[in-house]
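Notes for the one structure printed next.
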Amino acid sequence: MIIYKSTVKGFLGDVDSNRIDEIMVDTYFKRTLGRVSNAEVSSWRNSLTAMERIVGRSDLPSDAGIAIEYNIPATAKRVDFIVSGYGPSQKSSISIIELKQWESAEITAKDAIVRTRLGKSLVETTHPSYKAWSYAELLKSFNVEVYEKKIAVNPCAFLHNYKSASGVLNDSFYSRYTELAPLFLKEDAEALREFLVNRIYAGDNGDVIERIEKSDVRPSKQLSEAISGMLQGNPEFTMIDEQKLVFEEALYLSEEVKKAGKSVLIVEGGPGTGKSVVAINLLVSLLNRNLNVRYVSKNAAPRAVYESKLVGSFKKSKISVLFSGSGSYVNAKENEYDVLLVDEAHRLNQFSGIYGNLGENQVKELINAAKSTVFFLDEDQRVTLKDVGSMEEISNWAERGKAKVTTLKLESQFRCNGSDGYLAWLDHILQIRRTANTDLEGVPYDFKIFDSPVDLRDAIMEKNLETAKARLVAGYCWECQSKKNSKLFDISFPDFDFHMKWNLSEDGSLWILNPESIHQVGCIHTCQGLELDYVGVIIGPDLRLSDADGIITDPSKRAKQDNTIKGYKTLLKNHPVDGAKKIDMVIKNTYRTLMTRGMKGCYVYATDKKLREYLRERI
């Protein structure tokens with residue numbers, strides 16, 4: 001979808017007559033049935049006035065094509081400005097321009113990330129050159145017209161309010177991306193004109209833009225082969241036993257939809273059964289079949305980690321588009337994708353958007369968006385009040401969408417030393433459900449209780465020296481003070497002289513991979529869906545033992561910043577019985593999930609002394 005299409009001559013006329021923003025608002029409403037905020041209209045007006053000065057004073061052909069706000073298919077990304085025509089040797093060519101109104105920015109220690117003021121807030125975001133380059137890579141990797149007809153794609157960024165003297169954006173730290181997509185600042189207007197003219201020799205009346213807009217969306221053979229090569233020989237993604245059965249069934253269904261119609265495959269499996277292993281192998285195999293496929297996860301952490309493992313570094317890459325959040329499909333067309341692979345499906349929410357005000361139901365939207373949808377599910381890992389992913393929920397929406405439902409189960413245990421006994425014991429002692437596993441006798445899993453958080457930390461650090469895959473995690477019962485003041489600690493036990501920080505402020509979703517993160521504490525948001533060799537768990541005051549009532553959960557002990565139980569007071573007021581059960585489930589599931597991240601062992605410190613004794617007695 002393109003909001004505005006014309007030629008250089010038409011664009012200049014529309015800007016000159018002050019009609020450009022009116023045309024765009026009207027077209028946007030007609031095509032999306034959505035209204036445009038005053039801030040965005042103002043942004044268009046300012047940036048397009050700046051582009052009028054670039055285009056109008058250049059030697060670009062009057063019949064060169066112009067497109068504004070091109071929505072890259074199968075993504076929520078929009079290219080701000082495109083100029084199309086013919087370059088050297090009459091080769092089809094486009095220049096894509098990322099427009100920003102920034103006046104200042106701050107450098108960060110993160111690759112391709114800068115800090116700037118958006119509205120009233122200072123936020124981290126991608127460098128404009130990185131953004132322009134990544135959009136170009138999306139087109140070259142997924143737009144059939146671009147990669148088959150070898151259309152030249154030339155990215156750049158133009159910050160028409162940003163002065164060179166401000167520095168930062170053209171710092172050598174970002175040179176990798178400014179070389180791939182040149183950066184033009186306020187003083188660089190003439191250089192930008194030269195950049196465009198050297199790439200657009202002759203006009204095309206917008207023909208190249210038209211062809212790109214109408215093109216099919218499929219992964220290029222080059223991309224498929226590259227990712228396939230990355231996966232080969234990687235033992236972390238090797239499938240065995242019923243993993244292979246699930247894999248083959250999903251491949252079969254992706255072909256069967258051509259004659260049998262829409263399909264939904266629900267794959268149940270507990271921690272460590274290889275759900276993500278199957279999902280990543282499917283992603284690669286389906287790409288090699290030239291299918292439009294995405295790996296979907298509500299959690300950002302698994303997406304970031306698997307992406308980094310595939311590319312072999314922490315750098316951003318052109319395969320990023322293959323990994324998306326579950327809220328990205330609100331406006332997707334029916335059957336826009338061949339296959340969606342939904343990992344951690346238990347974490348799906350009803351609504352999408354930052355404010356939870358978009359869409360009707362994520363399960364419905366995912367099923368609608370793909371011919372074949374695969375949901376990987378563990379209902380015991382629902383850890384927020386908003387998590388709606390369940391067998392019942394998925395089956396109901398599949399039935400409404402007239403999709404054939406297939407269910408399979410993964411049994412083999414790779415986490416917890418291959419022991420289903422540990423998981424059953426954990427369910428029993430957390431009083432999630434009764435099992436026959438009342439102790440850990442004969443269970444080959446290293447589980448220990450510590451009476452000091454310092455001893456717990458020391459034990460985990462010692463294990464990390466052996467494997468580099470041991471980390472501390474905790475229930476979200478402590479406010480993140482260090483985010484605003486790096487001199488402050490978040491999790492403190494003064495009696496033990498224990499002071500540590502949450503991981504939230506630096507590495508984010510890649511926290512678990514950073515060797516230095518052994519000195520920080522992770523939470524449910526940055527470790528769910530991932531695995532370690534050893535995990536050290538700090539159980540906060542939201543879980544304790546009562547002599548009369550057994551395991552007690554207390555939502556009031558959670559940090560105010562924790563959104564997983566946001567609105568619990570209203571829930572308890574309106575639904576006292578069912579609400580209490582749901583809150584109890586969320587808190588217990590959180591600790592169950594944290595205590596099953598370790599493949600070889602789990603070490604625990606509980607703030608409640610009675611709970612520590614209770615756990616120790618049941619080992």
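Keep in mind it's a predicted model, so treat the numbers as computed, not measured. Note that these values count all heavy atoms, side chains included, but never hydrogens, waters or copies made by symmetry.
At a threshold of 4.5 Å between non-hydrogen side-chain atoms, the residues S92 and D204 do not count as touching. Taking 4.5 Å as the limit, every side-chain heavy atom of S47 sits out of range of all side-chain heavy atoms of D80. Counting heavy atoms from C-beta on, the side chains of I66 and V83 come closer than 4.5 Å. Within the 4.5 Å cutoff, side-chain heavy atoms of L322 are placed close to those of L287. Using a 4.5 Å cut-off on side-chain heavy atoms (C-beta onward), V114 and W102 make contact.
With sequence neighbours excluded, the residues satisfying side chain to side chain donor-acceptor pair (under 3.5 Å) with N46 are Q101. Annotation: side chain to side chain contact (heavy atoms under 4.5 Å, CB included) contacts of D59 (sequence neighbours excluded): V197. Among residues two or more places apart in sequence or in another chain, the side chain to side chain donor-acceptor pair (under 3.5 Å) test is passed with T384 by D387. Residues satisfying the side chain to side chain donor-acceptor pair (under 3.5 Å) test with E145, not counting sequence neighbours, are K149, R211. When the ring-ring contact (aromatic ring centres under 6.0 Å, His included) test is applied to Y70, no partner is found at least two apart in sequence or on another chain. The side chain to side chain donor-acceptor pair (under 3.5 Å) search around S164 returns E187, not counting sequence neighbours.
In this structure, Y174 and H127 have tilted ring planes: the angle between them lies in the 30° to 60° band. Between W133 and Y177, the angle of the ring planes lies from 30° to 60°, which puts this pair in the tilted group. Relative ring orientation between F323 and Y295 is described as tilted, the plane-to-plane angle lying within the 30° to 60° band. The aromatic rings of Y329 and Y337 sit perpendicular to each other, their planes meeting at more than 60°, with 30° as the lower class boundary.
A salt bridge links R115 with E124: the closest approach of a Lys/Arg side-chain nitrogen to an acidic carboxylate oxygen falls below 4.0 angstrom.
Looking at T178, its side chain does come within 3.5 Å of a backbone N or O of S175 through a donor-acceptor pair. Judged by distance alone, the side chain of R193 and the main-chain N or O of L60 form no donor-acceptor pair under 3.5 Å. Looking at N143, its side chain does come within 3.5 Å of a backbone N or O of V146 through a donor-acceptor pair. A donor-acceptor pair under 3.5 Å links the side-chain atoms of K501 to the main chain of S486, judged by distance alone.
To the nearest 0.5 Å, the span separating CG on L159 from CD on E98 amounts to 8.5 Å. Interatomic distance, CG of N161 versus NZ of K100, reported as 12.5 Å (0.5 Å rounding). The structure places CG of D490 at 9.5 Å from CD of E479, a figure rounded to the nearest 0.5 Å. Taken from CD1 in I460 to CD1 in I518, the straight-line distance is 7.0 Å, to the nearest 0.5 Å.
Exactly one of M599, R471, K463, K600 qualifies for a side chain to side chain contact (heavy atoms under 4.5 Å, CB included) with L532. That residue is R471.
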From CA spacing to verdict: ring pair (Phe, Tyr, Trp, His ring centres under 6.0 Å), F158, F195: CA-CA 11 Å; F158 181 36; F195 175 88; over 10 Å; no
Full working for ring pair (Phe, Tyr, Trp, His ring centres under 6.0 Å) between F489 and W478: CA-CA 10 Å; F489 290 97; W478 293 269; over 10 Å; no
Worked check of side chain to side chain contact (heavy atoms under 4.5 Å, CB included) between Y534 and N464: CA-CA 8 Å; Y534 279 84; N464 193 60; over 6 Å; no
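For the residue pair R294 / S328, no side-chain donor-acceptor distance below 3.5 Å is found, with atom types taken as modelled. Side-chain contact of S276 with D343: a donor-acceptor pair under 3.5 Å is present, judged by distance alone.
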